[in-house]
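Both counts, for ligands and for their atoms, begin at 1 and track the order of listing. Quantities reported herein were computed from a predicted structural model and do not represent experimental measurements.
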Amino acid sequence: MKPLSLRARLTLWYVGVLLAILAVVSVLSYSFLRWSLLQQVDASLAAVAQIVRETDERGAGGSEVERAIRELLGPGLSDRYFQFLDPEGRSRFRSGSPPVVLPLSPEARDNAARGRRTFETLEDPRGGPVRLLTVPVLREGRRVEIIQVSAPLTRTREALSGYLTTLLALVPVAVALAAAGGAVITGRALRPVREMSRAARQITAEDLGRRLARRGAEDEIDHLADTLNTMLAGLEAAFAHARRFSADAAHELRTPLTALKGEIEVALRAARSPEEYRRVLHSSLEEVEHLIRLAEDLLQFSRSSAALGTPRDRVQLEPIVLEALEVGTRRAQGTGVTVRAEEIGPVTVLGEAGALRRAVLNLVDNAVKYTPAGGKVGLSLVARDGQARIAVQDTGIGIDPVDAARIFDPFVRLDAARSRDAGGAGLGLALVRAIVAAHGGTVDLESAPGAGSRFTIRLPLA
Ligand code: ADP
């Protein structure tokens with residue numbers, strides 16, 4: 001089943017809570033009304049009993065008493081009946097014509113015997129419900145008689161059922177009004193959310209610079225706008241980065257392709273000697289090799305960036321650094337550069353072994369590439385302050401501090417003219433930085449031009 005909309009759910013909750021409150025209030029108010037009406041009837045019965053007793057004490061007796069009492073009570077209390085009984089429960093006098101018989105329950109008789117009065121409710125099948133008070137009369141500590149007074153409960157019952165009918169009619173009306181009001185209120189409360197989603201829908205990849213407006217209330221809606229704006233800023237930066245990257249990549253591809261085209265065109269312009277063709281082909285081959293290297297670097301870069309979100313294994317760094325040492329030694333053969341191990345110990349991190357190997361190899365590759373004959377390249381691996389530290393140090397040409405941050409950007413080569421054969425596309429260090437960042441680490445450079453460089457990768461220990 002389709003889940004209910006937020007608006008419908010909020011309205012339903014609102015109505016549900018209101019219904020529960022109304023139900024509790026109705027039950028409480030009905031019970032209170034019933035109790036207080038009965039209290040009133042009981043109080044009036046007690047008053048009538050008192051009058052009956054006092055009038056009787058004046059010794060009027062029989063129907064004289066009734067007339068005197070009727071006069072005292074007035075026409076408003078003409079539906080009150082009373083009777084006198086002797087202590088054994090035998091009738092002495094009954095009011096009304098014909099006389100109305102009021103029953104004496106065993107409980108009321110027991111209570112009277114103990115000198116206590118009793119209130120009872122009787123369901124009289126003919127005259128409707130009746131409230132009955134039984135009071136013992138004591139004279140000098142002796143029970144001389146029992147007085148009973150009754151009052152009909154019909155009006156009380158009518159008042160109560162009228163109140164119940166009103167409640168049953170009003171509660172649904174209140175709930176219906178609350179549902180309508182709730183729908184309007186939630187609609188209004190959710191309007192900023194609807195407006196924001198409409199505004200967010202209008203932002204496309206082409207205008208990621210746009211931001212959602214804040215209302216300044218510092219409420220949930222403003223926080224949502226902040227969250228979306230932060231996300232948009234991230235997307236904008238990522239898009240700009242991707243655009244720059246593809247523009248740079250296209251530029252990198254165009255340079256060797258233009259050179260290739262130029263050479264082939266010149267060669268085709270006239271008939272050439274076989275040596276001449278061989279020279280052109282040879283130089284074209286160099287451009288093609290450069291293009292292949294560039295394509296491989298690009299492929300490597302996008303693959304590594306894409307694969308970095310993969311699950312983490314425990315990776316021993318020692319074999320990786322030793323392998324990089326071996327590869328570096330091989331690359332340095334015949335260049336007059338010595339590659340050696342400094343301090344290397346067993347260190348374990350969490351990550352992806354292939355990517356970490358690539359990062360260390362790139363640093364060693366660069367160190368060998370940018371160190372002239374007679375120079376030295378050193379590798380170390382230690383665990384310090386909860387971090388794995390891999391350092392690749394060389395006594396090469398060094399890097400100017402102003403360029404230190406820039407060289408980690410893609411396609412940055414400090415001196416493009418400097419041995420393009422040996423140099424890559426400028427993606428090596430960008431890849432190192434991406435790999436290390438994906439492992440929660442950092443890569444730093446300390447360098448002095450002419451004196452050499454030291455690249456340090458720091459990774460959290462496993
Ligand atoms: P490349 O593929 O050109 O080596 P990198 O991203 O690996 O690209 O390096 C970017 C630039 O940083 C290099 O072109 C070079 O100018 C500079 N560089 C990198 N490593 C060193 C180093 N060890 N010594 C001096 N310069 C370096």
Side-chain angles (χ1 to χ4, degrees), residues 241 244-245 248-249 251-256 286-287 289-305 308 321 324-325 327-332 335-342 355-380 389-438 442-457:
H241 186 262
R244 209 169 336 124
F245 187 87
D248 288 349
H251 185 77
E252 284 293 323
L253 286 168
R254 199 176 56 184
T255 315
E286 269 175 24
E287 297 296 351
E289 274 169 357
H290 179 74
L291 279 167
I292 290 173
R293 260 204 316 276
L294 179 58
E296 275 168 0
D297 277 359
L298 279 171
L299 201 60
Q300 188 84 51
F301 190 73
S302 64
R303 259 197 214 136
S304 308
S305 310
L308 286 175
V321 173
L325 185 74
V327 174
T329 312
R330 234 182 295 134
R331 299 253 162 95
T335 61
V337 176
T338 31
V339 180
R340 62 194 160 94
E342 289 165 3
L356 290 171
R357 182 179 300 117
R358 172 94 259 141
V360 180
L361 272 177
N362 280 4
L363 291 184
V364 172
D365 232 15
N366 279 350
V368 173
K369 253 187 330 197
Y370 300 112
T371 302
K376 288 187 194 103
V377 171
L379 254 96
S380 71
R389 273 194 217 172
I390 308 167
V392 180
Q393 190 173 332
D394 64 58
T395 57
I397 55 173
I399 294 159
D400 198 309
V402 284
D403 296 319
R406 211 160 61 84
I407 55 163
F408 291 99
D409 289 339
F411 304 113
V412 171
R413 281 177 310 230
L414 291 187
D415 186 353
R418 185 203 297 157
S419 134
R420 221 185 59 192
D421 280 353
L427 283 172
L429 287 179
L431 192 54
V432 173
R433 186 176 61 181
I435 291 170
V436 172
T442 56
V443 51
D444 300 316
L445 162 67
E446 299 154 56
S447 181
S453 320
R454 180 188 174 88
F455 286 87
T456 311
I457 293 178

Requested in this report: Name all residues meeting the salt bridge (charged side-chain N to carboxylate O under 4.0 Å, His left out) criterion together with R357; count only those two or more places apart in sequence or in a different chain, and write none if there are none.
Outcome: E323
Requested in this report: Using a strict 4.0 Å cut-off to heavy atoms of G398, name the atoms of ligand 1 that fall inside it.
Outcome: 25 (C)
Query raised in the report: Do V364 and V327 have side-chain heavy atoms sitting under 4.5 Å apart?
Result: no
Query raised in the report: Of all residues at least two apart in sequence or in a different chain, which pass the side-chain hydrogen bond (donor to acceptor under 3.5 Å, both in side chains) check with S453?
Result: S447
Query - Test item, F408 contacting ligand 1 (heavy atom, 4.0 angstrom) - result: no
Query - Salt-bridge contact R413-E252 (side-chain N to carboxylate O under 4.0 Å) - result: yes
Query - Part of I399 with heavy atoms under 4.0 Å of ligand 1, whether side chain, backbone, both or neither - result: side chain
Report task. Would you check whether G396 reaches within less than 4.0 Å of ligand 1, judged by its heavy atoms? Result -> no
**Report entry** Residue R389 excluded, over 12 heavy atoms near CZ under 6.0 Å
**Finding:** yes
Report summary line: Short version for V412: what comes under 4.0 Å of ligand 1, heavy atoms counted, is backbone
Report summary line: Atoms of ligand 1 under 4.0 Å from any heavy atom of G426, numbered from 1 in the order shown, are 1 (P), 2 (O), 3 (O), 6 (O), 8 (O)
Query raised in the report: About how many Å separate CD1 of I407 and CZ of R433, when rounded to the nearest 0.5 Å?
Result: 10.0 Å
**Report entry** Nitrogen or oxygen atoms of D394 and ligand 1 under 3.5 Å apart
**Finding:** yes
Query - Minimum non-hydrogen distance to atom 18 (N) of ligand 1, winning option of F455, F411, Y370 - result: Y370
